[in-house]
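Here the structure is a predicted model, which is why all the values come from computation and not from measurement. So you know, we letter chains A, B, ... as the sequences are listed, proteins then strands, and number each from 1. For the numbers below, each heavy atom of this structure counts, side chains included, while hydrogens, waters and symmetry mates do not.
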Amino acid sequence: MAIQQQIQEAAIKSLEQLYGKQFTAKDFQINKTKPEFEGDYTIVLFSLLKPLGKSPDALGNELGKHLVENNATLFTAYNIIKGFLNLTVADAYWLQLLSANYNNVSFGKAAAKNQKVMVEYSSPNTNKPLHLGHLRNNFLGWSAAEIIKANGYDTVKTCIVNDRGIHICKSMIAWQLFANGATPQSTTTKGDHFVGDYYVKFNDEYKKQIEELIAAGIKKDDAEKEAPIMKATQQMLLDWEAGKPEVMELWKEMNSWVYAGFDATYKRIGSNFDKTYYESNTYLLGKKTVQEGLAKNVFVQKEDGSVWIDLTADGLDEKIVQRKDGTSVYITQDIGLAQQKYDEYKIDQSIYVIGDEQNYHMKVLQLICKKLGLPYADSIYHLSYGMVELPTGKMKSREGTVVDADDLLDEMERVAQQKTEELGKVKDFTAEELKELYRTLSLGALKFYLLRVDPKKKMIFNPEESIDFHGYTGPFIQYTHARIKSILRKQKANDSNSIQQTVLLPLEKELLIELENYPTVIVQAGNEHDPSHLANYIYTIAKTFNSFYTEHSVMNAETEEKKQLRLFICELTANVIASGMQLLGINVPERM
RNA sequence: GGUCCGGUAGCUCAGCUGGAUAGAGCAUCAGCCUUCUAAGCUGAGGGUCAUUGGUUCGAAUCCAAUCCGGAUCACCA
């Protein structure tokens, strides 16, 4: 049990024994003691004063004395400053924690809960390569799933590939018009980039045609509809829906190029999925639900045949769920897919990692599911994240202002290589080991950069300033891990009996107090679906370790006992860093 | 206009289920490598926590209003 919780329970017990009154954890707070005061944890007494009719000093003294006397293994001292009761936790407690967990790779992870959580993330369109925004999504989704797993849930990582629709037809049409049969192979271009280039070509041509039509005296709105390339695209969409063989063949081939490209990028960044859904298979789902909704009078049919739901009573708007021609809209497909996920996996919770531009959409989706009385309605959770923007504003693929994922990864690897060569610490590495190191460091820098901020906040990425390797960064933490491993290669911790009587120095104790908190941080990050808590926490651990490292020598410790103690601290710190970084999807090197 | 989200140091961000003098990193300045990896450590300067009012013993944190920025409110996905 977490120390904070133990203190709270001890205090509740003492308060009952002293005053015969029952309090709960909500009635008073336990905080970490501020560094400028003596003690480790602090009970804030103010909220207890009125119910007990006591002065801060009287309550503090009585409670402090009772706690120390009745929990000799837990507390060694107390002091009171104003309304704050500061408690000093026994060194033996931290030492016991240390010897029990120093080599426990499951430290911080919860027992199996036998519940299943699905995390949908990534969800790309097959008409353009992945960009920086997708990276935030991928890193978030992957990490959120790992954190959920660490909290004892079974997880299913899924991806819904947006592989059909008018935007896909655009790149197909452009390819037909301009490619002269070129392929990724013939041009040695990565498949997703190859197709993306034709998507850009479409827009260039479309714009040109509109201008020409406007020059010929046609109104802008009409020009946009009448441009030949757009008409051809719309026809192609109809042909696709009709299953016209040559269209299907081209569609399959171009998508296969894109998938080859995506696979390479996913492999590179470490994204993986247990189940991939394709919109071309799911876009007809949900129609049955429309009929059921009509039968239940949740939906209403208008005269023209379109089907609607009125959400104005819930502060939202009227929303269409089926067009007058009988085809389903996006939200209807989503209802259908939600049902399919539930049917296939019997999931207890369904998490959607989707940008905050779809907050409204997801709210509507959940509300409709509730009104339909679907059993999984409450299990839907939208893990919403802010857009990644450039200093110049939003990224726009049509305007070519996107930061391409592959380009960025290449650039990060170059920076990692340059910095490593400047420092010259791994000259004995093989070419293969160096390559792996650059990959580890570059991904560590990028993932940490994108995960360390609160997901729901938008963030600005400046391509001019490359991502740092110093300070609050992934490489800083990776470096700390490598430093520890360098010590542990010289000697491993072995004799935990020898350290049980050791008196802890401030930095030793501080590190242990922080390490003890790891399980609590995993729970918090899990409850809030927020990896940034974990990123923050690991950084704090690394920072404290580096202070400790500079202040105290391990191999040349004052005594053999201290050497053993510090070796154990090194082991546990390295384990927590490696474990926590793994939950962020970041590897830590043995050397760098 | 309705709804939702954000506004904390020059910049990027923590802290937000109310608690002690608001914290990090970057940048700036001053120190620290004959000793376990200096991608490090120590210190300094830098704040009207958007504004105003309220609740409270106590507010960056909760409530209300206002200002600023963003998202969204399609028979698009």
Side-chain angles (χ1 to χ4, degrees), chain A residues 26 28-29 31 33-34 36-37 42 44-47 49-50 56 81-84 86 125 162 164-168 279 283 302 304-308 312 314-325 327-331 333-334 355-361 363-364 384 386-387 389 394 416 419-420 422-423 425-426 441 445 449 452-454 456-462 465 468-480 482-491 532-533 535-536 539-540 542-543 545-557 563 566 570 591-592:
Chain A
K26 281 180 195 149
F28 59 99
Q29 271 183 39
N31 299 332
T33 304
K34 298 248 168 197
E36 55 268 36
F37 301 104
T42 297
V44 183
L45 300 172
F46 299 105
S47 57
L49 301 179
K50 206 179 271 178
I81 297 169
K82 294 193 272 179
F84 299 93
N86 302 318
N125 292 344
N162 212 296
R164 52 139 247 132
I166 192 83
H167 52 296
I168 308 298
E279 203 200 306
Y283 81 109
K302 295 202 172 173
D304 65 1
S306 59
V307 182
W308 296 74
T312 50
D314 298 276
L316 305 178
D317 306 274
E318 285 194 335
K319 182 86 190 168
I320 189 160
V321 295
Q322 185 172 293
R323 298 186 185 99
K324 64 186 171 199
D325 63 7
T327 56
S328 58
V329 295
Y330 182 49
I331 195 125
Q333 302 168 29
D334 272 351
D356 62 8
E357 58 199 354
Q358 294 197 36
N359 284 355
Y360 178 77
H361 173 80
K363 209 167 163 181
V364 170
S384 168
M387 296 290 106
E389 295 179 7
K394 296 184 79 170
K419 303 222 179 219
T420 304
E422 275 169 17
L423 292 166
K425 294 177 183 180
V426 288
L441 295 178
Y449 182 86
R452 68 180 198 183
V453 302
D454 185 343
K456 71 172 178 288
K457 291 189 179 176
K458 72 172 182 198
M459 60 191 299
I460 293 168
F461 176 81
N462 189 346
E465 304 164 9
D468 216 323
F469 280 48
H470 300 269
Y472 185 17
T473 67
F476 169 89
I477 295 163
Q478 292 171 317
Y479 173 70
T480 308
R483 272 182 142 182
I484 300 173
K485 286 296 180 170
S486 172
I487 295 173
L488 294 173
R489 272 193 298 277
K490 296 184 171 71
Q491 187 172 341
S532 73
H533 290 301
N536 245 302
Y539 171 70
T540 307
K543 196 165 164 45
F545 181 86
N546 280 314
S547 298
F548 159 84
Y549 178 93
T550 308
E551 189 70 22
H552 305 298
S553 175
V554 177
M555 294 310 291
N556 295 311
K563 183 173 169 182
R566 290 176 193 162
C570 284
R591 288 181 59 197
M592 64 185 273

Distance below 4.0 Å between A:Lys543 side-chain N/O and B:G25 OP1 or OP2: yes
Spell out protein contact along nucleotides 68-77 of chain B as letters: B when the base is contacted, S when just the sugar-phosphate is, - when no protein heavy atom is under 4.0 Å; keep the 5' to 3' order. ---SSS-BSB
Return the stacking result for B:A20 and A:Phe84: yes when the ring centres lie under 5.5 Å apart and the planes under 30°, no otherwise. yes
Taking both distances under 3.5 Å as the test for a Watson-Crick or G-U pair, what stems of at least three pairs does RNA chain B have? B:1-7 with B:67-73, B:10-13 with B:23-26, B:28-32 with B:40-44, B:50-54 with B:62-66
Give one of base, sugar-phosphate or nothing for A:Lys490, where a contact means two heavy atoms less than 4.0 Å apart. sugar-phosphate
Can a donor-acceptor pair under 3.5 Å be found between the side-chain atoms of A:Thr42 and the base atoms of B:A20? yes
Would you classify A:His533 as touching base, sugar-phosphate or nothing, given that sugar-phosphate means primed atoms plus P, OP1 and OP2, and contacts are heavy atoms under 4.0 Å? sugar-phosphate
Anything under 30° is parallel, anything over 60° is perpendicular, the rest tilted; go ahead and classify A:Tyr539 against A:Phe476. tilted
We want to know whether A:Thr480 and A:Asn546 form a side-chain donor-acceptor pair, criterion being a heavy-atom distance below 3.5 angstrom. yes
Classify the nucleic acid contact of A:Leu316 as base, sugar-phosphate or nothing, counting any heavy atom under 4.0 Å across all strands shown. nothing
Taking the nucleotide of RNA chain B with the closest heavy atom to each, which residue, A:Arg591 or A:Tyr449, is nearer the 5' end? A:Tyr449
Flag this pair as yes if the NZ/CZ of A:Arg483 is under 6.0 angstrom from the six-membered ring centre of A:Tyr549 and inside a 45 degree cone about the axis; otherwise no. yes
